[in-house]
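Convention: sequence-line order gives letters A, B, ...; per-chain numbering from 1.
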2 protein chains.
Amino acid sequence: MVERNLDTTFTALADPTRRAMLAALSTGEKSIGELAAPHAMSFAGASKHVGVLVRAGLVRRRKVGRQQVCTLEAAPLRDAEQWLRRWEGFWTHRLDALEAALNEKPQ
Amino acid sequence: MVERNLDTTFTALADPTRRAMLAALSTGEKSIGELAAPHAMSFAGASKHVGVLVRAGLVRRRKVGRQQVCTLEAAPLRDAEQWLRRWEGFWTHRLDALEAALNEKPQ
DNA sequence: GGGTTATAAAACCACATGGTTGACCATGTC
DNA sequence: GACATGGTCAACCATGTGGTTTTATAACCC
């Protein structure tokens with residue numbers, strides 16, 4: 001369950017339009033129209049981006065009147081973050097070593 | 001500098017072969033042949049995956065004799081992790097709320 | 001009912017991606 | 001020099017992606 005979803009989660013995150021949409025949703029629910037508005041792009045194009053987010057499980061849609069209201073679903077983000085955190089110790093070591101090397105030989 | 005690289009970082013992470021290669025590199029340097037071996041895939045195909053990781057700044061290559069030795073470069077992983085962590089508070093709230101709701105109405 | 005609003009769905013285009021194979025180029029070994 | 005090894009590069013194929021436009025549908029307003 002984890003590994004499979006990482007594919008679609010990271011794919012969904014690999015686009016700046018979609019990351020911006022997630023950021024917009026972090027301040028509260030938005031209709032698809034509201035999500036689309038800030039992006040210089042056709043409505044249909046933006047709607048497809050929302051579809052990618054929904055398929056990745058990052059967004060839930062529900063119909064309210066004639067609008068689709070979207071809410072952020074953070075669980076897959078947490079999974080992705082946990083996967084990345086496996087390297088936390090590693091990268092802090094490396095960066096500390098780099099910094100030490102720079103201090104030692106200040107050129 | 002940050003936003004632009006997130007695209008290529010997340011794209012690089014969106015493939016299980018490449019994630020496995022990063023995991024392999026976390027235990028130490030590996031030649032491209034060693035990285036390719038575990039994957040049922042042509043050598044050239046695996047080499048292309050390594051190329052994606054290099055272009056994303058996640059891996060450095062250097063020539064040693066007739067081999068290319070690869071090392072993990074963790075900094076972009078840290079950037080991606082930091083981006084995801086922006087939602088940390090959000091998802092813990094949501095999940096706490098979900099848990100509370102489940103406890104309150106145990107069905 | 002008729003018009004407007006919010007969205008979906010489909011067809012299409014250009015380009016990127018993941019994979020292959022085959023030719024090629026170094027480097028090391030005999 | 002001859003040959004194997006480690007790897008790159010280019011061409012190719014199928015499929016996916018990001019975008020468009022057009023058409024359709026469902027809900028609301030008058």
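Transitive grouping of hydrophobic side chains (ILVMFWY, heavy atoms separated by less than 4.5 Å) keeps A/L6 and A/V52 in distinct clusters. Placement of B/F43 and B/V69 in two distinct hydrophobic clusters is found when ILVMFWY residues are connected by side-chain heavy-atom separations under 4.5 Å, directly or transitively.
Screening A/R60, A/R78, A/R61 for a salt bridge (charged side-chain N to carboxylate O under 4.0 Å, His left out) with A/E73, the sole residue that qualifies is A/R60.
Rounded to whole angstrom, the span from the CG atom of A/L35 across to the P atom of C/dA6 amounts to 14 Å. Whole-Å rounding puts the B/R55 CZ to C/dA16 P distance at 12 Å.
Residues B/L72 and A/W87 meet the side-chain proximity criterion, which asks for heavy atoms closer than 4.5 Å. Contact annotation: the side chain of B/T17 approaches that of B/M41 to within less than 4.5 Å [non-hydrogen atoms, C-beta and beyond].
Residues from residues 39-49 of chain B with heavy atoms under 4.0 angstrom of DNA chain D, sorted by number: B/F43, B/A44, B/S47.
In the 5' to 3' direction, nucleotides of DNA chain D lying under 4.0 Å from heavy atoms of chain A begin and end at D/dG18 to D/dC28.
Atom CG of A/L53 is separated from atom CG of A/L22 by 5.0 Å, given to the nearest 0.5 angstrom.
Within 4.0 Å (heavy atoms only), B/S31 reaches sugar-phosphate atoms of the nucleic acid but no base atom.
When each of A/T11 and B/R61 is assigned the nucleotide of DNA chain D with its nearest heavy atom, B/R61 is the one assigned upstream, toward the 5' end. Mapping A/R18 and A/R66 onto DNA chain D by nearest heavy atom places A/R18 at the nucleotide closer to the 5' end.
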Please test B/R62 against B/T71 for side chain to side chain contact (heavy atoms under 4.5 Å, CB included), starting from the C-alpha separation and ending with a verdict. CA-CA 9 Å; B/R62 69 175 195 283; B/T71 63; 3.8 Å; yes
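Taking both residues in full, the closest heavy atoms of B/S31 and B/Q67 are given as CB-OE1, 3.5 Å, listed atom of the first, atom of the second, then distance.
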